[in-house]
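Worksheet for the structure shown next.
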Amino acid sequence: MSFGAEQDLQLLGILVALGGLLVLAPVLRLPLPILLVAGGIGLGFVPGLPQVVLAPDIVLVAVLPPLLYSGAFFTSLRDLRTNRRPIAFLAFGLVAATMGTVAVVAHAWIGLPWAVAFTLGAVVSPTDALAATEIAGRLGAPRRVVSLIEGESLVNDGTALVLYRAAVGAAIGGTFSLLDTSADIVVDVIGGIAIGLAVGWVVRQVRRRLDDPPIEVAIAVLSGYFAYLPATAIGVSGVLAAVTIGVYMGWHTPELTNERTRLTGDAFWEILVFLVNALVFGLVGLQLRSIVDLLSGTPMSTLVGYSLLVSATVILTRIVLLPVFTYVPRWAFRSIREHDPYPPWQYPAVISWAGIRGAVSLVAALALPSDFPHRPLIVFLTFGVIVATLMLQGLTLPWLIRVLDVSDDGGAEREEAKARIRTAEAALARLEELLEEGTVHPKTAERLRGSLGFRRDRFRARFDDGDDGAIEERSAAYQRVTRELLAAEHAALIMLRNEGVIDDNVMQRVQRDLDLEAARLDS
């Protein structure tokens, strides 16, 4: 077997294994990041497989911008505004506190120099919301809990990377200035947001003049790079620039696109984010063997002990300080207390246990210069924190949510019902106008009026405590019959294609219409 063929088979083996993990995730009911990291660790120690080295530039430049953009794009701007104070406490105060406590522990018990210890603290301070929000959202946690976890992770990456650059500069150059670091944070935050808004405005003007779904989706994918790269080039936060343009375009995109572009874009983003996250978390696990080889002179028991110590520090710092950030401002300031009353203690309990670390921390560790003091140990400890938080907190977070009985308050469902009612009423009003203008046949209007009126009444019934459920039962029966009819249409369509009566392009166009009609049944 040639050397090239052997490498191809090794790559095939890795891809098959990762594909198997993707299939197992829904069967085992485990969050995908946890399963991929565990599987990656196992694959990393399989004899004969090549060592995988994840180049930090690839993740920073190729992977991070679209992930940040998509996360921000689908985040509610209203929730960010509403929760701006707690998100600021978490993204700035908790990041700085975590950096400090980890630095003290690393210096006192591991023996790292102060600058190196602070670098480690900055690396492990930002959270990764992927696994936490997947779990919380799947189990129906309150929307505010999920919003805080998402909002914190969107902002704290930028804070942590600014502190990271200051700590690395101190470790290499031997100098550190609190005043300069504070000024850098302000400049990074303002500069990153400004560039994100400026680039977002330009992209918005361009997309306003387009009506081509593939081109618009492609520009959306590139938008994160458009903001991230110039921000990084001039020395401000590329993370915040990518997040800002994502939030900005998420707010304006519904006004710029038609239904074809939105359907295409939503499907594309769902697949892209899924595959990229699967690749990143799988490669995280595959890194372990190469990291361990660099520390062959240190006993494994010592390395594991150090990892547990740093992981415990990260977890405990969050558990101790998050209730402080939650309740002390309300206790100290009546205006905050009146505007935002004390939340149930279960909310900060869940959020404090959702501080899972991820790819950003690993990338920051791998991006350290090759001659950076204690670089292999920092990379190993970072990896240990990622694995510990994913495995411990990620696996037990569902149990904690169930035990504390933290459930969704139904606010999102009520808002959706209100939106369905208002949109149906708007359509009915416009239908009457068209009927008066003579542009709609009366029989057509009667048919549409019945459909829209039924939809309005169905969602109104959800606000009626005296509703006997008859409307919802009729709706369910209608959906069952319609799905049977659509299934029959789909089977006939496939038969026509198989018999050569129609070609694949015709089948796909008709099938898309049937699929859209099926999707409308739940509305």
Side-chain angles (χ1 to χ4, degrees), residues 64-88 90-91 129-130 133 137 143-158 189-213 215-231 236-270 272-273 411-420 422-423 426 523:
L64 200 55
L67 288 182
L68 292 170
Y69 177 88
S70 64
F73 184 91
F74 293 104
T75 297
S76 168
L77 179 58
R78 189 191 68 176
D79 287 346
L80 287 177
R81 288 172 174 169
T82 302
N83 299 315
R84 60 185 180 276
R85 181 190 53 79
I87 288 174
L90 295 175
L130 177 64
T133 53
R143 184 173 61 182
R144 189 172 192 192
V145 171
V146 179
S147 297
L148 285 173
I149 296 172
E150 289 179 339
E152 175 194 7
S153 68
L154 286 175
V155 180
N156 67 9
D157 290 343
V189 170
I190 295 176
I193 293 174
I195 289 180
L197 290 174
V199 176
W201 184 87
V202 174
V203 172
R204 179 186 170 196
Q205 303 311 310
V206 172
R207 292 191 59 183
R208 188 191 299 276
R209 294 160 174 79
L210 294 175
D211 185 17
D212 190 310
I215 294 177
E216 292 184 73
V217 173
I219 291 177
V221 174
L222 295 175
S223 295
Y225 299 104
F226 293 155
Y228 182 91
L229 293 176
V236 297
S237 177
V239 171
L240 288 179
V243 168
T244 300
I245 190 175
V247 173
Y248 181 89
M249 292 306 300
W251 179 264
H252 289 288
T253 292
E255 305 168 358
L256 306 174
T257 55
N258 56 32
E259 71 283 355
R260 293 184 301 126
T261 302
R262 290 191 291 272
L263 288 170
T264 302
D266 289 348
F268 178 84
W269 276 115
E270 185 175 359
L272 177 66
V273 171
E413 292 183 1
R414 288 193 296 272
E415 290 184 6
E416 180 182 348
K418 290 179 181 178
R420 302 282 190 187
R422 292 291 295 274
T423 53
S523 62

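Keep in mind that the numbers below use all heavy atoms, side chains included, and drop hydrogens, waters and symmetry copies.
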Task: Closest contact, heavy atoms only, E216 versus T261 - done: OE2-OG1, 3.2 Å

Task: Residues in salt bridge (Lys or Arg N to Asp or Glu O under 4.0 Å) contact with R85, at least two apart in sequence or another chain - done: D340

Open item on the list: I want to check something: taking the side chain as every heavy atom from C-beta on, are Y225 and I245 in contact at a cut-off of under 4.5 Å?
Closed with: no

Task: E152 and L148, any side-chain heavy atoms less than 4.5 Å apart - done: no

TODO: Specify the closest pair of heavy atoms between A242 and G224, including all atoms of both residues, with the distance to one decimal.
DONE: CB-O, 4.1 Å

Open item on the list: Is there a side-chain contact between F73 and W269 in this structure, where contact means two heavy atoms from C-beta onward sitting under 4.5 Å apart?
Closed with: no

Open item on the list: Just so I know, are the side chains of L256 and M249 near enough to count as touching, which here means a heavy-atom distance under 4.5 Å?
Closed with: yes

Task: Nearest heavy atoms of V273 and S70, plus distance in Å - done: CG2-OG, 3.3 Å

Task: Pairwise distance CD1(I190) to OG(S237) - rounded to 0.5 angstrom - done: 12.0 Å

Open item on the list: Please identify which of these residues, L272, T264, D266, meets the side chain to side chain contact (heavy atoms under 4.5 Å, CB included) condition with V217.
Closed with: T264

- [ ] Measure the CZ-CD distance between F74 and E270 for me, rounded to the nearest 0.5 Å.
- [x] 8.5 Å

- [ ] For Y69 and S223, work out which heavy atoms get closest and say how close.
- [x] CE1-CB, 3.6 Å

Distance-only criterion, 3.5 Å: show the donor-acceptor pairs between side-chain atoms of residues 191-209 and protein atoms not counting sequence neighbours.
{"unit_1": "R204", "atom_1": "NH1", "unit_2": "Y248", "atom_2": "OH", "d": "3.2"}
{"unit_1": "R209", "atom_1": "NH1", "unit_2": "Q205", "atom_2": "O", "d": "2.6"}

- [ ] Measure the shortest side-chain to side-chain distance between L64 and D157 over non-hydrogen atoms and say whether it is less than 4.5 angstrom.
- [x] no

- [ ] Flag the pair L90 / N156 as yes when at least one side-chain heavy-atom distance between them is below 4.5 Å, and no otherwise.
- [x] no

Open item on the list: Quick check: do D211 and N258 have side-chain heavy atoms less than 4.5 Å from each other?
Closed with: yes

Task: Taking every non-hydrogen atom, the tightest pair across P254 and G250 - done: CD-O, 3.5 Å

TODO: Quick one: closest heavy-atom pair of V243 and A72, and the distance?
DONE: O-CB, 3.2 Å

